[in-house]
Amino acid sequence: MHAMTARHRCITTPIYYVNDRPHIGHVYTTTICDVWARFMRGLGDDVFFLTGTDEHGQKVEQSAAEKGVTPQALADENSAEFRRIMGLFDLTNDAFIRTTDPRHETQVQALVKRLMDSGDVYLGTFEGWYDAGQEEYYTETKAREVEYTSPISGKPLERATEENYYFRLSAFQDRLEALFAEQPGLVQPEARRNEVLGRLREGLQDVPISRTNFAWGIEVPDAPDHVIYVWIDALFNYITALGLGDQASDWYAQRHQYWPATVQVIGKEILWFHAVIWPALLMALGLPLPGCVYAHSFWISEGQKMSKSLGNFIDLEMLDRYVETFGRDALRYFLATQGPLGATDADFSRAQFHETYTADLVNTLGNCTSRTSAMIGKYCDGVCPADTGACAGGGVEWPEFTAARVEAATAAMERFDLAGSIAAAMSIVRQVDVFINETAPFKLAKDPANAETVGNILYRCAEALRIAACLLEAVLPQSVGNLREAWSLGDAGNQLGQACRWGQLQPGTSIAKVALFPRVEAEAVPAG
Ligand code: MSP
């Protein structure tokens, strides 16, 4: 006998800047990665879910100076805030990398040294348009397009000259073009891929990868006046966390098998770094490329760009209030089903949150589970009936119907279509509602002669709901946990495929009443 080896899967979030405090954007990206990671673990895969903080660079140095603290102290404080959100929102990352960790720093130096030795990094002089707020250079075309003003901060771009180490990105033009043709799913969604292809056609220039005008960063090997550009430092986190820069490290021993990442999730504003510079760096190092770079769009708030002055900024405090009012699962559900996973931005509005919560969680999943368990309480003494086959009407081939929904939910999750996966699971719940209305067990139960039929109907309801719950557990871990407890279902563990097969629910199991999602009045939704 030999054990089946679990498939390795790796998912990453961007690493977050420590000069900002966490807000909905960070919670969103990390949450959708968490839903995917949980689902894949459920399927029995060996998943590595990585997140962390990006702690070097001029902005951190400046913010620290303004506050009168050292950059390291600022980084420590804010990185801790980011780690705190993992607990607050039930996020199950396997590692949290910090770029000030010496284990990251020494690997970054080793990786840069390898690029210097291969000639992919060289010393040269650079002049260009610089966005100081973003620590990013613009090409002439892009600078002209934005009228020499930062689209992010609104401040003028600066003309800057530097002696720098460069990454020979221009040498990767052909290889990148070939890559995008061969691996069309590398950059998603399609709209983002087209953007990248368009910009790629303008031609690639070498990119400076060192800075000399500040000190808060990793020194370039053998050139201590230069610190490594924060973006290069940051991109490398994805492989340093897995020890790929030091084969003698513990991280390598424990984690190297997780590279290449299955999916790297980012926001659309950092697409270029991840879709072009990152693959080129990996090619230069001779490392395999990720399966997919998925760039989601942005949350706006109440129809407008989030801003502190407009008072529509969804910060951690606001999210906490949502969690207090609706529970963590409700927030996760809203983010995963209503979020900007496609090419367009999504609106976080109080009304939409309330509507989604009430329609899907209270009126559908909550109501259907409570209705079913109440009937089993009333007509079957709280014990799961057996399905003996006879069943009046309803017209649903439950084993086939649920198997198709399970397959659809799994396939959607594979495509990182979280909303699609959740919709497939919810369609089972909706079908149970229809089935109850059509078969009317509450009417049949009035005549004791119908006891068997009623039992058969209720078994099918409970079993279908159990399967839907298994599929929803990745997004609703607490509520499904509550259901498991009330219905004595045990734990699906990493046997999701098996657990979703029809007929696993054992007759005789004690089914207690559940109320998963309390109704919340519209007035109780937190306001800014
Ligand atoms: N440190 C860089 C990333 C380096 S990765 C090698 C960075 N950090 S960040 O703190 O600004 O985080 C950016 C990420 O936060 C975005 O890519 C996105 O995942 C998330 N979001 C920030 N604001 C957002 C919204 N308004 N909406 C959705 N997500 C956004 O960039």
Side-chain angles (χ1 to χ4, degrees), residues 11-34 50-60 63 74-75 78-79 81-83 85 91 96-100 104 108 111 131 133-136 152-153 192 209 217-218 228-241 261 263-279 281-282 290 293-308 310 312-316 318-319 334-336 338-349 416 418:
I11 186 163
T12 66
T13 75
I15 49 170
Y16 305 118
Y17 283 135
V18 287
N19 54 337
D20 207 359
R21 294 178 36 88
H23 57 67
I24 183 169
H26 310 114
V27 171
Y28 173 64
T29 310
T30 324
T31 299
I32 57 179
C33 290
D34 183 70
L50 176 66
T51 186
T53 41
D54 186 356
E55 308 187 9
H56 290 126
Q58 199 168 12
K59 276 199 280 183
V60 177
S63 307
L74 179 72
N78 284 352
S79 177
E81 273 294 283
F82 279 98
R83 279 195 300 282
I85 72 175
L91 303 168
F96 187 100
I97 183 145
R98 300 186 55 187
T99 56
T100 55
H104 167 78
V108 168
L111 292 165
D131 181 339
Q134 289 301 102
E135 302 186 26
E136 180 181 357
I152 316 277
S153 67
R192 296 285 97 81
I209 62 142
I218 303 174
I228 295 167
Y229 179 33
V230 63
W231 263 104
I232 300 298
D233 170 355
L235 285 168
F236 278 147
N237 93 84
Y238 301 127
I239 52 175
T240 61
V263 48
Q264 301 204 262
V265 184
I266 57 168
K268 63 181 176 181
E269 85 288 16
I270 55 177
L271 179 63
W272 186 251
F273 291 104
H274 286 84
V276 173
I277 299 177
W278 178 228
L281 283 169
L282 289 168
V293 170
Y294 197 107
H296 62 69
S297 301
F298 266 40
W299 279 104
I300 55 171
S301 164
E302 303 294 346
Q304 281 175 301
K305 191 174 169 186
M306 281 201 295
S307 99
K308 294 196 173 132
L310 279 179
N312 67 346
F313 199 84
I314 303 172
D315 56 15
L316 211 47
M318 177 63 83
L319 290 171
F334 181 72
L335 295 179
Q338 308 294 310
L341 247 195
T344 42
D345 289 348
D347 191 17
F348 194 110
S349 81
F416 209 68
L418 271 58

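Because the structure is a prediction, the values reported are computed rather than measured. When a ligand or atom number is given, it counts from 1 through the structure's own listing order.
Closest protein heavy atom to atom 17 (O) of ligand 1: Gly267 N, 2.8 Å. Among protein heavy atoms, the minimum distance from atom 12 (O) of ligand 1 is reached at Tyr16 CD2, 3.5 Å. The nearest heavy-atom contact from the protein to atom 27 (N) of ligand 1 is Trp299 N, 2.9 Å. From the protein, the heavy atom lying nearest to atom 3 (C) of ligand 1 is Ile15 O, 3.2 Å. Closest to atom 25 (C) of ligand 1, if we only count protein heavy atoms, is Phe298 CD2, 3.5 Å. Looking only at heavy atoms of the protein, atom 21 (N) of ligand 1 is closest to Gly25 CA, 3.6 Å. Regarding atom 15 (O) of ligand 1, its nearest protein heavy-atom neighbour is His26 CD2, 3.6 Å. The protein non-hydrogen atom at the shortest distance from atom 11 (O) of ligand 1 is Tyr17 CD1, 3.5 Å.
Proximity to His23 (heavy-atom distance under 4.0 Å) selects the following atoms of ligand 1: 22 (C), 23 (N). With ligand atoms numbered from 1 in the order given, ligand 1 contributes 26 (N) to contacts under 4.0 Å with heavy atoms of Met306. Within the listing of ligand 1, atoms 13 (C), 14 (C), 16 (C), 17 (O) sit less than 4.0 angstrom from a heavy atom of Glu269. Near Ala234, the atoms of ligand 1 lying under 4.0 angstrom from a non-hydrogen atom of the residue are 6 (C).
Ring geometry for Tyr294 against Phe416 counts as tilted: the plane angle lies between 30° and 60°, on a 0 to 90° scale.
Atoms CD1 and OG1, from Ile85 and Thr31 in turn, are 7.5 Å apart once rounded to the nearest 0.5 Å. Note that CG of Leu111 and CZ of Phe236 are 5.0 Å apart. Values are rounded to the nearest 0.5 Å.
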Just do the side chain to side chain contact (heavy atoms under 4.5 Å, CB included) check on His104 and Ile218 with the steps written out, would you? CA-CA 10 Å; His104 167 78; Ile218 303 174; 4.1 Å; yes
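In Phe273, neither the side chain nor the backbone holds a heavy atom less than 4.0 Å from any atom of ligand 1.
Phe298 and Gly267 make their closest contact through CE1-CA, 4.4 Å (heavy atoms, listed as atom of the first residue, atom of the second, distance).
Of the residues listed (Tyr16, Trp299, Phe313), the one engaging His23 in a ring pair (Phe, Tyr, Trp, His ring centres under 6.0 Å) is Phe313, and it is the only one. Each of Thr29, Leu91, Thr13, Ile11 was checked for a side chain to side chain contact (heavy atoms under 4.5 Å, CB included) with Asp34, and the lone residue meeting it is Leu91.
Using a non-hydrogen distance threshold of 4.0 Å, Ile270 registers as a contact of ligand 1. The closest approach between a heavy atom of Trp231 and any atom of ligand 1 is below 4.0 Å.
Looking at residues two or more places apart in sequence or on another chain, you find a side-chain hydrogen bond (donor to acceptor under 3.5 Å, both in side chains) between His274 and Tyr238.
Between Asp54 and Lys59 there is no salt bridge, since no side-chain N of the basic residue sits under 4.0 Å from a carboxylate O of the acidic one.
In this structure, Phe334 has its ring center closer than 6.0 angstrom to the ring center of Phe348.
Heavy-atom proximity to atom 18 (C) of ligand 1, evaluated over Asp54, Thr29, Thr12, is greatest for Thr29.
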